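Labels below follow one simple rule: chain letters A, B, ... track the order of the sequence lines, proteins then strands, and each chain is numbered from 1. A quick note: this is a predicted structure, and the numbers were derived from the prediction, not measured.
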There are 2 protein chains.
Amino acid sequence: MATIYEVSKLAGVSLATVSRVINNNTPVREATRVKVLEAMDKLGYHPNSIAQSLASSRSNSIGIVVSELNGPFFGTLLSDIEAAFRRAGKHVIIAAGHSDERLEKESIAFLKSRNCDALILHVEAVSDDYLRQLKEGGTPFVILNRFVESMSDRCVTLNNQHGGYLATQHLLRNGHRKIGYISGPMWKNDAEQRYLGHLRALAEYGIESKSSLFYEGDFHELGGVKGVAALLHADADITAIVCANDEMAAGAVTTAREQGLRLPEDLSIIGFDNVNFSHYMYPKLTTIDYPIGGMGVMAARWVLKHIYQQKLDNIQTVFEPRVIERDSVHSI
Amino acid sequence: MATIYEVSKLAGVSLATVSRVINNNTPVREATRVKVLEAMDKLGYHPNSIAQSLASSRSNSIGIVVSELNGPFFGTLLSDIEAAFRRAGKHVIIAAGHSDERLEKESIAFLKSRNCDALILHVEAVSDDYLRQLKEGGTPFVILNRFVESMSDRCVTLNNQHGGYLATQHLLRNGHRKIGYISGPMWKNDAEQRYLGHLRALAEYGIESKSSLFYEGDFHELGGVKGVAALLHADADITAIVCANDEMAAGAVTTAREQGLRLPEDLSIIGFDNVNFSHYMYPKLTTIDYPIGGMGVMAARWVLKHIYQQKLDNIQTVFEPRVIERDSVHSI
DNA sequence: TAATATTATGTAAGCGCTTTCATGTATAGC
DNA sequence: GCTATACATGAAAGCGCTTACATAATATTA
């Protein structure tokens with residue numbers, strides 16, 4: 001691998017001049033630039049990014065922590081973030097936190113030790129205090145899908161409560177009054193917010209919530225499976241169920257059918273997230289759209305703007321969900 | 001951030017000794033080691049991985065090129081690869097090739113410029129010749145899901161042909177004789193192999209293949225949608241269809257149902273890949289299991305063994321598919 | 001044309017480590 | 001007690017760049 005030194009010798013200029021044409025940050029006479037470019041070309045020279053990083057104390061890498069790498073939700077997120085940074089010549093290093101406090105902290109430590117210029121965090125288990133402390137730590141970061149007091153400018157969030165509200169409202173508008181709710185783990189902020197939205201919609205229609213209509217799931221298929229069983233067992237008159245995410249909705253749909261119910265005639269189901277498989281389901285799932293890709297891109301833009309000094313406007317931090325009507329909600 | 005120099009001063013030893021206890025590769029007297037460890041602890045010292053890389057010309061990063069970052073198939077792959085390397089203290093840099101020759105080459109160049117110690121490539125569009133040339137280029141790599149003559153030891157592949165064979169055999173054994181085939185793009189090696197397996201199974205049963213029973217799709221949902229329409233239009237007597245991947249099977253299922261067919265009574269469908277949403281479908285999809293996660297881990301092990309000198313045995317390069325029986329195939 | 005202001009280029013000191021080679025020190029052998 | 005051997009440590013030269021700062025070349029002004 002040719003080094004900058006060989007290029008400078010071949011071009012008959014100094015190291016510094018070559019560095020200048022590489023970085024294009026200091027004026028260089030056109031004739032000189034051409035000489036250097038030709039020399040680089042002739043030697044097949046590519047700058048060593050490690051050496052650049054060491055000298056400039058900037059790694060051009062951004063660390064991302066997500067709960068899982070697989071799964072449709074994070075796939076979309078990562079894909080869009082990667083594309084955004086790639087265009088800017090940066091690269092992402094990805095780590096999985098598995099919604100576990102220790103693993104999330106480990107991931108963050110790992111990425112910091114990799115000298116990431118910034119982090120994008122989708123973390124669920126670490127405390128707000130930990131994040132506030134992290135803020136003092138030198139490596140800047142953005143938070144996805146979580147609002148932390150005192151750092152609102154770096155939180156890119158979905159209005160989860162409004163999403164929960166919309167889901168239940170949609171059912172209500174379709175005539176349902178006996179509505180079951182399968183929640184995510186209530187210690188997760190988004191699960192709580194969605195449920196709050198549900199309650200608000202109920203209240204608007206003057207319906208009181210009953211504990212027999214609530215089931216706390218796990219945001220995974222199994223939660224939906226168990227949730228439907230529990231809900232139906234507790235109250236056979238339920239005509240609709242809102243699932244706090246699509247994965248649980250998938251489990252719910254399967255189980256409801258196995259119990260002999262026709263969908264959506266006997267039971268309407270609405271999901272949340274609008275992941276890519278939700279329209280492979282039968283009936284195609286009516287759900288709440290979570291613009292996760294767009295939010296990832298926005299987090300990337302925040303980094304590009306604040307860390308890499310790109311002049312970007314319109315950093316949006318709060319996103320709004322909306323109903324995606326498909327076939328799993330029946331009007332009565 | 002404390003440097004190795006400050007640690008050495010505090011511990012009263014030289015730089016070199018600190019480096020030795022960090023890397024644990026040269027004997028250091030126990031008393032000295034303890035002193036150093038204590039100093040590191042007191043200063044909250046973490047080695048600067050960039051500087052380590054520059055000095056050792058080893059970045060401890062592995063580049064991965066996949067077609068897409070989203071999608072269930074690559075999600076599983078990436079997740080398992082990341083976990084395997086993370087355990088070894090390495091990190092992965094991920095790039096998307098989008099099954100496009102230019103983008104695949106760009107991705108590889110990008111990762112090489114990032115000084116990756118090795119690459120794991122799931123590339124479809126670049127030629128075998130390009131890969132053979134790449135082999136001379138200095139950065140070692142493993143190839144996933146593709147067999148290239150003259151570098152078989154670094155190819156981790158699925159026996160795709162046998163998979164195609166198994167799919168069709170399963171249908172045949174269930175009494176089907178009029179079987180449609182929705183293929184992936186035939187320029188892709190795996191698509192071709194799967195189809196060859198299909199033909200072989202047919203031949204074994206003395207059934208000749210007809211072009212009206214073949215449709216070349218795109219490995220995406222739309223391919224399945226169009227494929228079913230085309231196949232049913234050309235020959236209404238078809239009782240079963242094999243789809244060369246699950247995504248197309250999802251499209252096929254939806255479309256077949258929209259055309260008024262009962263599944264699986266009127267039409268059996270078998271997929272390929274066993275992606276995570278295949279059992280969310282209705283009927284739950286019978287398919288061929290592609291152990292993509294295990295193959296990714298094996299690729300990682302190859303790298304760990306050959307590049308990082310870990311002593312690992314049992315590097316398996318060819319994986320075997322198997323039938324996953326669910327509900328989408330009907331016996332006649 | 002000389003004096004001054006601009007702009008382009010070169011010099012050299014790091015960035016924080018690894019690693020070779022040389023040196024020092026403890027242990028064994030006689 | 002003296003030499004030979006093994007083992008532990010230190011000194012210093014890079015790894016391939018960036019970036020103050022110094023200097024040389026060119027343009028501007030009177």
Side-chain angles (χ1 to χ4, degrees), chain A residues 1-40 43-61 89 112-117 138-139 308-309, chain B residues 1-40 43-61 89 112-117 138-139 308-309:
Chain A
M1 212 53 182
T3 71
I4 200 175
Y5 178 71
E6 301 168 41
V7 174
S8 77
K9 269 216 319 216
L10 183 58
V13 299
S14 74
L15 279 195
T17 301
V18 178
S19 173
R20 283 172 189 126
V21 352
I22 291 170
N23 293 293
N24 201 28
N25 52 8
T26 307
V28 170
R29 192 150 46 94
E30 192 51 28
T32 319
R33 174 192 309 283
V34 170
K35 268 194 306 187
V36 171
L37 256 17
E38 282 173 358
M40 298 196 334
L43 294 170
Y45 169 79
H46 287 283
N48 178 323
S49 64
I50 301 279
Q52 287 181 312
S53 296
L54 183 59
S56 64
S57 62
R58 171 146 292 177
S59 67
N60 289 313
S61 67
K112 285 178 72 172
S113 82
R114 244 57 197 178
N115 295 76
C116 291
D117 296 333
T139 306
Y308 297 115
Q309 278 75 46
Chain B
M1 213 51 182
T3 72
I4 199 176
Y5 178 71
E6 301 169 40
V7 174
S8 77
K9 268 213 325 214
L10 183 58
V13 299
S14 75
L15 279 195
T17 301
V18 178
S19 174
R20 284 173 188 124
V21 352
I22 292 170
N23 293 292
N24 201 29
N25 52 8
T26 306
V28 170
R29 192 151 46 94
E30 192 51 28
T32 319
R33 173 191 310 284
V34 170
K35 267 194 306 186
V36 171
L37 256 18
E38 282 173 355
M40 297 196 334
L43 293 170
Y45 169 78
H46 288 284
N48 178 323
S49 65
I50 300 277
Q52 288 181 312
S53 296
L54 183 59
S56 64
S57 62
R58 171 147 292 176
S59 67
N60 289 313
S61 67
K112 285 178 72 172
S113 83
R114 243 58 195 177
N115 295 74
C116 291
D117 297 332
T139 306
Y308 297 114
Q309 280 74 46

With no hydrogens and no angle check, do the side chains of B:Ser49 and A:Asn115 hold a donor and an acceptor under 3.5 Å apart?
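A:Asn115 and B:Ser49 do have a side-chain donor-acceptor pair below 3.5 Å.
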A:Asn60 CG to A:Cys116 SG distance, which is reported to the nearest 0.5 Å:
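A:Asn60 CG to A:Cys116 SG: 11.0 Å, rounded to 0.5 Å.
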Is the closest basic N to carboxylate O distance between B:Lys9 and B:Glu6 below 4.0 Å?
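B:Glu6 and B:Lys9: not salt-bridged.
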salt_bridge(B:Glu38, B:Lys35) N-O dist < 4.0 Å:
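No salt bridge links B:Glu38 with B:Lys35.
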Atom pair distance, as rounded to whole Å: [atom1] in [X] and [atom2] in [N]:
| X | N | atom1 | atom2 | value |
| --- | --- | --- | --- | --- |
| B:Ile50 | C:dG14 | CD1 | C1' | 16 Å |
| B:Asn24 | D:dT9 | CG | P | 13 Å |
| B:Leu43 | C:dG16 | CG | P | 14 Å |
| A:Arg58 | D:dT19 | CZ | C1' | 14 Å |
| A:Glu6 | D:dC15 | CD | C1' | 13 Å |
| A:Met40 | D:dC17 | CE | P | 11 Å |

Is the shortest side-chain N/O distance from A:Thr32 to OP1 or OP2 of C:dT9 below 4.0 Å?
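For C:dT9, OP1/OP2 do have a side-chain N/O of A:Thr32 under 4.0 Å.
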May I ask you to verify if any side-chain N or O of B:Thr17 is less than 4.0 angstrom from the OP1 or OP2 atom of D:dG10?
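For B:Thr17, the contact criterion (side-chain N or O under 4.0 Å from OP1 or OP2 of D:dG10) is met.
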Which nucleotide sits closest to the side chain of B:Leu54: C:dG10, C:dG16, C:dT9?
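Nearest listed nucleotide: C:dG16.
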Identified side-chain contact (heavy atoms from CB on, under 4.5 Å) counterpart of A:Val18 within the set A:Leu37, A:Thr32, A:Thr3, A:Ile4:
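Exactly one option meets the side-chain contact (heavy atoms from CB on, under 4.5 Å) with A:Val18, and it is A:Ile4.
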Check whether A:Ser19 reaches the backbone of A:Leu15 with its side chain - one donor and one acceptor, N or O, closer than 3.5 Å.
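Not at all, since once roles are kept as given, no pair shorter than 3.5 Å links the two residues.
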Would you mind building the protein contact string for nucleotides 17-27 of chain C? One character per nucleotide, 5' to 3', B for base within reach (heavy atoms under 4.0 Å), S for sugar-phosphate only, - for untouched.
BBBB-------
